[in-house]
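The structure under discussion appears below in the form of structure tokens.
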Amino acid sequence: MIARAKKYIDAIISFRKPDGWICPCKDEERKTYDTWAVQLISKTLTVYYECSKDKQIPDVIYRVLKNYYEMLKVGEITLFDWGKARWFECFIAINFTYNRCGEEWLKDLAKILKEQGLNYNESVSLWERPLNRWRFDTHIVNMGMMLKSEAVSYGILNEEYTDNAEKLHEILKNYNGTPVGLFTGDECLSGLSSIQGTELCAVAEQMYSYEILYACTGDKKWAERLEMLAFNTLPATISDDMWTHQYDQMSNQVACVKFPGKSLFRTNGSEAHLFGLESNFGCCTANFNQAWPKFALSAFMHSDDTVINAVPVPSELKADGKYIKLETNYPFENSFKYTVETEKAFTFKIRIPSFAENLTVNGKAANAEELSFEIAAGEKLETQIR
Ligand SMILES: [Zn+2]
């Protein structure tokens with residue numbers, strides 16, 4: 001997958017302009033170009049680097065962001081449309097670059113993006129009933145994405161973390177929630193009826209937001225919500241081989257046929273829930289493929305010399321002299337076998353979900369929010385958890 005990605009990454013970065021501009025438009029069109037593309041490609045390059053360690057990438061990201069900053073700072077470009085609605089996506093790359101170089105202009109860039117970007121707190125009254133029209137601030141994919149905005153931005157902006165995502169999540173859930181943890185939005189927020197659909201891109205983006213929220217806060221409710229989506233809504237809407245998917249899924253879908261007459265969806269046509277390679281609109285075909293790999297990348301997370309198993313899926317971690325293997329059929333069974341070997345001492349933690357009952361570790365009853373093991377260098381740990 002890394003080799004395949006490299007082909008496209010190399011092509012994209014080969015078209016950069018000498019000043020760092022990376023968007024596919026003519027120089028004279030920069031002012032009217034929606035720089036959403038900068039935010040997404042810098043994020044993509046960051047995730048690609050974390051997987052590939054391709055040496056050219058950090059410098060490319062640095063130059064792309066620096067050019068973005070210089071043009072925004074003097075008003076040569078401004079945020080509008082998608083770039084305004086998704087300003088926080090750029091913070092994946094800003095945080096990555098700031099952690100490497102610590103240069104102050106990155107904080108300024110962060111500030112400009114937040115100032116020019118949409119403040120979703122000002123739109124919440126629009127979420128209480130379906131509007132039956134298309135808007136950026138009720139768009140379902142934006143809803144999934146924006147939940148992580150405070151988590152990715154508060155650090156570099158030197159702000160206090162307020163768990164704003166919980167407040168926004170609560171309003172979305174109350175007025176547009178479904179039993180599987182999605183919000184309805186066959187394109188924009190659609191209310192509480194179970195025949196309303198949800199666009200697949202929103203599943204992929206909401207999962208990513210929950211991964212980031214858990215990584216940034218350690219608050220386990222986000223990991224539990226991530227599991228809910230990953231084990232219900234994602235597999236429900238794509239085939240096993242991933243060659244066909246639905247644009248819109250519905251909680252209460254009894255047939256997969258074109259609606260006779262007028263579409264039941266509020267902001268989509270009468271075929272938006274049919275399966276196909278590129279059904280309804282191409283965005284989901286391009287976007288849904290990231291959901292499983294990013295979920296797999298989130299199975300283990302680390303902080304200093306602590307490694308935590310955040311999501312209990314069958315997985316292996318080989319990193320920094322550590323080897324961890326998790327054998328499980330979860331969520332179909334509640335049994336977990338961990339094998340851990342290490343060349344240097346570290347703390348290994350396992351997130352225990354709040355809904356777990358009768359927890360046992362190697363057959364002995366345990367009562368814990370989180371399991372923690374101190375593993376010495378050269379030690380091998382085998383543990384069975386139910
Ligand atoms: Zn889509």
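Atoms within each ligand, like the ligands themselves, are counted from 1 in listed order.
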Show, in sequence, the C-alpha distance, side-chain angles and deciding distance for Gln116 and Thr78, and conclude whether the side-chain hydrogen bond (donor to acceptor under 3.5 Å, both in side chains) test is met. CA-CA 8 Å; Gln116 290 194 18; Thr78 50; 4.9 Å; no
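- Tyr8 OH: 12 or fewer foreign heavy atoms inside a 6.0 Å radius.
- To the nearest 0.5 Å, atoms CG (Leu109) and CD (Glu70) are separated by 10.5 Å.
- For the Zn ion (ligand 1), the neighbouring protein N/O/S atoms at less than 2.8 Å, given as residue and atom, are Glu199 OE2, Cys201 SG, Cys283 SG, Cys284 SG.
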Go through the steps for Lys344 and Asp305 under the test salt bridge (Lys or Arg N to Asp or Glu O under 4.0 Å), then give the verdict. CA-CA 10 Å; Lys344 40 185 174 176; Asp305 62 351; over 6 Å; no
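- Within 6.0 Å of atom NZ in Lys325, 12 or fewer heavy atoms from other residues, nucleotides or ligands are found, so the atom counts as exposed in its surroundings.
- When atom types are taken as modelled, the side chain of Asn95 and the backbone of Val152 share a donor-acceptor pair closer than 3.5 angstrom.
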